Structures are given as structure tokens and as C-alpha cells.
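Here's the structure, in C-alpha cells; my notes come after.
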Amino acid sequence: MGAYIVRRILISIPVLLGITIIGFIALRAAPGDPLLATANPDVLANLAQHPEILEAERHALGFDQPIFPNQYVAWLGHVLQGDLGYSITSHRPISSEIGSRILSTLFLMVTAMTLAVVIGIPIGVITAVRQYSRVDYGLNALAIFLASTPVFVLGLIAIYVFAVNLHWLPTSDQHTAGKSDFPDALYHLVLPASVLAIVNAAPLVRYTRASMLDVLSSEYVTTARSKGLGSRVVILRHALRNGLIPIITLVALLIPELVAGAVITEQIFNWNGMGQLAVHAADSRDPSLMMGIILIVGTAVLFANIVADIGYAVADPRVRYVRPR
Amino acid sequence: MRARGPALFAAIVLIASACQASTSPSPSSAASQASQAAVSPSPAASPRPSVLRVARISDFLPSIHPVELGTGNQELMADLVFNRLVDVDKDEVTLLPSLATEWTASPDATVYTFKLDPRAVWSDGVPATADDVIFTISWADQNPAAFKQLGVEEWLNVKGAAAVKGTKNIPEGLKKIDDHTVEITLGKPDSTFLRRIAGAVYYIEPQHVLKDLTAAQAENCDFCLGVAGKTPGTGPYDFTTSISATGATLTAKTNYWRAKDSQIKTIVYKIQESNVSVAQLAAGELDLVIRVPPAEGPGLANVPGLKQLNVPGVGIFAMDFNNKNTDKALRQAIAYAINRPEMISKVLGGLATINYTIPPGMKVYDDINKYDFNLQKAKDLLKQSSWDVSKPFRLSYLAGDPNFTVTAPPLQQYLQDLGLKVELTALPTAPYSDLIQKTNNWEVALSFGGSEGVGWYQSQQYYACPGLGTLQLKLSQSQCIYDDLFNAAAAVTGDAQDQAIHKVALALNDNLPEIYLWQPNYLHVYSDRLGGGFAIYPNERESFKKILDWTYAP
């Protein structure tokens, strides 16, 4: 297993390089001048009177060099030294821009995903075990309804009901104005994390149910039952372990979202995370910031794939990652 | 098993309730306090320190040094932390003391003398003197290319400014008379100098903090980025959390040198999307939101404890023409074809003031053509123009901006009624800027904002001669006539100035390099706990300068 993980990590390096090369070229070749994108009408008037300012800035940022390989190699060289560059809009280091946001996003997303798994998988199992019962129909209908409801609709309803009308929870933000303690952070986490958890739990219910139904109708489960094993043992020890294998893929695919953030949810709840940062970077054509985000998210995707493969091996003893002799 | 679902929901509710109990007074109780405040003795009678939670639209560059000052949020924050030599009152004409308590101008508008307030000190206790004024102006003149956002043309107009570019020298036009008196001599007469240096970008900087600052460092030094504790100012507030893209927290100084402390102890200044602000207003989480979308007004009117101000703004909604693709007759035809009163009443809900094609800071002289809606006249002019009506007429605007998404389709309809084959092009910021600045693939662009409503002189920057050909207006160099006319107006005063401005107005009104259509109102919503001298003026900056007179009942 150890050798397999090392091999997968080594394979991931050229893949990550490929991602950054494509991302870099696409960003630089996209229409629009990133320097002009930061300017309002008054600023444009000033810049128009002093075009040398723009040219000097363009030169300082290396925008006047060929995109590939010059600009890319320069960028990669800095990245390898731990320098992701500076944002052209905030003038702050990309590492500090991303660093401050990624913790916020992890706080939200880890909570939401954990809740989604804790809610989604048990309900999926229940609906499979009680197939065609009222519980199955009711929970399935609810899951389909939630899975097909856009997250912004659910978010706005939650804000309207719990914040604006009932005043139980805050509408948005990560802290109450003037406060920064942990209980206050938890208070602000409840609404966005719950909405995200519900939205992500719904497909988990559906997948878990389908997978469990498949397993529950298999011969080895019938054999286990005929041997007189209790229903709880059959479901939890024999059926669930195999039923979870496709769910591992689904959960692993959610891992990149932990660092990429949930763009719409962060927007609705004014959550100062990676999703909002990505939108801001794209809107302001901040090339270094966008590359920083691509690098982080690309790494997370590759990491998630490795985690999924390891998860298969843990859940299914038949899966062995050794080279056949 | 069956009981787990309801149990989970109950747990979430319990956690929420527990968390709620651990926080500050709930919005509902705050709303209740607000209603109590309305019937209790006036806040002015028993002022108490308080926290003001204010939000404004999300235009912001997280920097506070003048080289990066370019958005409304930066200007408002800079006004709370720093002072200029002079300020201007809400009428945009009357000058008020700021760092200077007295000032004089020579009759030819070239020599200005300022007496500084001897009480003025920086946040760290160092006295603010004539040396700081001379440092601020000299640094700008030594590093003019560092100013990437708003320009500091007034500092560059100081006599000898060009000679000190790239040096550490002081321009010839700056003279320290004594520690609290400074004399500024301009290279060319400018009667608008005092009014213009009341702009936020002209705030006076602390020499003892920035004396070794280079142009490159001005982008990201601690002071420049508004780092709390490292950005001393002479204004009534200090940053207590560093500024970021989402705002900052500012705390009022005690024993402020102007001998009056602000009653609002803390300002939590938030920069965020307006939909977030609207929800927070409705839930009682904010006390003041500047620039609420007008469509939200009726809904928020029903929220207890909130009041609304509907104020004409200083920005304008205009059509900017690509003058390479359009001739005068076509532009005039378009001016006649748009029914502005109908647009204002039906599309903008009456929340705008009509413009007669010229910049709103100019007087509407009797001989100005108002271009009242006349479709037949518009069609006649279109026939006289060189425009081929079979070609697409490309109307471009910034995608996603509600100012344009609401108005572009009806404007398209007016132009189609005229006989143009109008194509709408909505693009995100960067490709839009690229299209307008670098290509010829457009005929007209919708624009919104600016500050032309502040005064006639504010419009000059949009017609500045060196920028022609690269600016959105696409005027040809032969039309530097506007710049010359503005300069002629700035060089004189009184009737002579009025005559000069009249000439500019007539030239713009006839040639229509752009059509100023209307000045939209801004809706500001605030808590009824705000009182005293609280008001939001058309130019929002002038409002915050009077924050020492505001009261707030917590």
C-alpha cells in the first residue's frame, strides 16, 4: 500500500503540472486586460492621461513577456520557492489571501460535509432496509425534493425563516460585528452549514439506498440471513461495508469542495471563503490569485482521488494495490 | 430509528438557541430597544458611546495610501482617519476648515497660503505641521507615476513639480513660512484649486512615518494597507482592525484634538454585496446601509426601526459614444429618440433627475438644447447621418450590473423605434474594458457612476486631452478643444468663469461626445437610533466628515 501511495503521488506531479500549464495559458490568453479591470471610470480617466503608468506596471508584472514558456516558467520558479506572488488588486501575498480564506472554508465545509455524511448515509440505509414502507416513500420524496432544490433557494428560505422572521440565527457573516469568539463563530456557522449539509445529504441518501438495495439482494446476504444471523449484524457488518464502496467515490469527490468552497452558499451567507475569493479573482482578472486557487484546488482533486483509492482498499478486502507478478 | 430525524432537528434548534443565548442582544430585542428609543428622551439629550454597523456596496481596493485610492469605500474610510487642508460642505461649494483653519488666495489664483491648526496631532502624538504638508505634496511630485488610481493633478500643478520628478527635492512652489503656515504657488492659475484639494486623495500624510517610502513600497507598506496601529492619521478615528476586502473596524479617538470626541465609539464598516446588506438590515444586524437597491425600498419600509433617505447622487447614467463610428447627426438623433421622462417614471420608478445631455455639474443655460423626445426629428437626423441602418448598432454594457440590465432593453427599444438595428453586448469587467479601450467593435457604451454632479470642474478629467484616443469616449485629438475650454474656465473667476463654462456646455451640447441621460437617486436605509446631525448627502463623503455631530442610541 505504501509503495502504491508513493507511486500515485509521483504520477500526480506531472498531472498537476499539466493542470497549471493549461490554467496559466487559458488565463493569460483570455480576453480582457487585468490591469484595466481594476479601474473605475475616474481611474480610467487618470490612466488615460498617464499611459506610462500602465506600461510600467505591465512590465513589472511580466505581462509583456511571452506567456509560454517565459511567464509560466517564471511563475513556476517562484511557486517552487513557496512564493505564489501578489494579488494585483489587493497587493497582498497570494499565500496570505488564500491562507486566511481556506480556514474559513474548511470550517464551513468540514462541518457541512460531516453533517451530510452523518445524516445522508444512515437515512439511505434506513430507506433501503424499509423499502416500500411509508418511511421509505417519505424520506425518498424529501431527498428528491431537496436534491432538486437549488442551494440558493434553500439558503434564502432559511435566512427568511430563521434569521429575518424568527431571529433565531444571524443572516450571514462569520462573526457578529465587534465579536470574534468561538461560540459566536459557531452561532454563525449553523445556518450555512445546515443548508449545505442538507443539500449534500440528499444525493447521499439516494446513492446509499440504491447501493444497499443492490447488496441486500445479493446471495451472500441471503446466506447470512439463512445462517440465522440477526438483522442488525447482517446489515451493519455484511451489507453496509460493501454497500459503502460506491459511496466512498461520492464522498471523495466532495473533498475538493472542502478547499474550493461552495461559491453560491458563501455568496448568500457572506462567508468569506475560497468560493468568494475565486469569484473575486475571476471577476477582477487577478491572474496570480486565480493560479493560486487552481493550484490548491488541483492538488485537492488529486489528493481526493488517492484517498478514494485507499478507501476502496479499506472497505473492500478484494481490492489490493500490488503489482501482479 | 424513527425518532432520529425529529431528534436531530430538535438538536439543531437547541444548539441554535444555546448559541443565541451566548451572543449580544438578539436582533429582535435590538428592534424592541429601537422602538423604545423612539419614545424615550432624544438621543442627543443623553449621548452614549456606541457601535455603528455600516455597510456599503462592494467597490474596494484594500489600500489606503493615495496612490491606490480610487473607490468610494476607500474615500469614506480615508475621511474618517485623515484630514485634508480644507473640506467642502454638503453644497459642494462652501469650504470648511480641516487641517487648515485659515487660507488665502492671490487674485490671479496662483498663490495659496494656509494656516494650520496648531492643535493638530497624529494618532501617535506627533504634531501635524507644515512639514507634513510639504512632504505630502513633494512625494506626489517626486513619484507621479506611482498614482495608479485617482490622479493628484493639483499637486502636479505646483510650480516646479515636473523638475523634482524622480528626485528627493522639494518643488519650487512649496514654501514653509513657519511650523503652521505653508505657501503653495501653482504653475498655472487655477481658481478651483481649493475646492479640488478637498478631495479624499489629497489627504495630508505623516512625514515621520513615510519619509523613506519609495514608489514601489507605497503599494504594500503597513501604513499603505491600513494596518491597525501602523496607520496614524489626524482624523477622528483610527483603524482597530486592519482594512481588508470586507471592510474594517474603526475606533473613535478620545480627547480628539478638535476638542470634540465622536459619540459613536466604534464603526464596523462592512463592504459587501447589497443583497447581504438588505437581509442584515431586515434582521436588525446593521444600522446604516449606503446605496440600497431602490427596488428594496418598499420591502424595507415595513421593517420597524428603519428609516429611508432617497437622495440624488453625484454620479450619472450616460451613453458614451465611439466617435470613430458615429457622427454628430447620429448622436443627436439618438438624443431625440430617447424619452427620458418616460424612462425615469416607468423604468426607474421616478427615482432619478433628468439631465439635458450636458454634465450635471453645469448650469442648464437658456440656450442649451434640451433634446426633448421627438421621434420624427430623430428620424430626420438619422437620414442626414452617414450611418448605414442595415448595419448592426452595437450597444455595450457591463454584465450583471443592475443599473444596465434594467435600462438596456428599453433603450434598445427606443433605438429600434428610431430605425437602428440594435445589438446588445453585455460583458464581464475585463473583456468589457478590453472591448471599449482596445477595439473599435462598438458604437455606444452605457456608463454609470463618476462624480460629475459634484461640480463642473469634476468633468474636466473625462475630456483631458492627453487621454483622448484611449479613453472610453474615443474623441479625436482635434477635439482637445474641450480640455482647453475647461482650463480657460479654471483660470478665471466670477462672470468670466461662467462665460467660459457656458462655452464648454454649448460645445458638449451640440457635438454630444456622450449623452448624459439622468442622475439616479440613491436609497440609504438607516436605523432610527441614528440622530443628531446624521444625514447622507448627494456626495456621501461630505456626510461622514460630519460624523462628530452624529448621535446614536445603543
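Since this is a predicted model, take the numbers as computed values, not measurements. Order of the sequence lines sets the chain letters (A, B, ...), proteins ahead of strands, with each chain counted from 1.
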Would the number of heavy atoms belonging to other residues, nucleotides or ligands and lying under 6.0 Å from CZ of A:Phe63 be above 12? yes
When the 4.5 angstrom heavy-atom criterion is applied to A:Tyr160 and chain B, the contacting part is neither
Under 4.5 Å to a heavy atom of chain B? For A:Glu97 that would be neither
B:Ala283 and A:Thr171 have their tightest heavy-atom pair at CB-CG2, 3.5 Å
_If you apply the rule side-chain hydrogen bond (donor to acceptor under 3.5 Å, both in side chains), what do you find for A:Asp173 with B:Gln280, and how did you get there?_
CA-CA 10 Å; A:Asp173 289 344; B:Gln280 291 181 343; 2.9 Å; yes
In terms of heavy-atom contacts, B:Gln272 and A:Asn270 come closest through OE1-ND2, 2.9 Å
Taking every heavy atom of B:Leu225 against every heavy atom of A:Ser90, the minimum-distance pair comes out as CD2-O, 3.8 Å
Here the gap from B:Lys270 atom NZ to A:Ser172 atom OG, rounded to the nearest 0.5 Å, amounts to 6.0 Å
B:Glu296 meets the salt bridge (charged side-chain N to carboxylate O under 4.0 Å, His left out) criterion, sequence neighbours left out, with none
Sorted by chain and residue number, the side-chain contact (heavy atoms from CB on, under 4.5 Å) partners of A:Asn272 (sequence neighbours excluded) come out as A:Arg101, A:Gln174, A:Gln276, B:Thr246
OH of A:Tyr86: more than 12 outside heavy atoms within 6.0 angstrom? no
Looking only at heavy atoms, the pair that brings B:Ala279 and A:Val164 closest together is O-CG2, 4.1 Å
Ranking B:Val276, B:Asn220, B:Val268 by heavy-atom pairs under 4.5 Å to chain A gives rank one to B:Val276
Okay, A:Ile268 and chain B: the region with an atom under 4.5 Å from a heavy atom over there is backbone
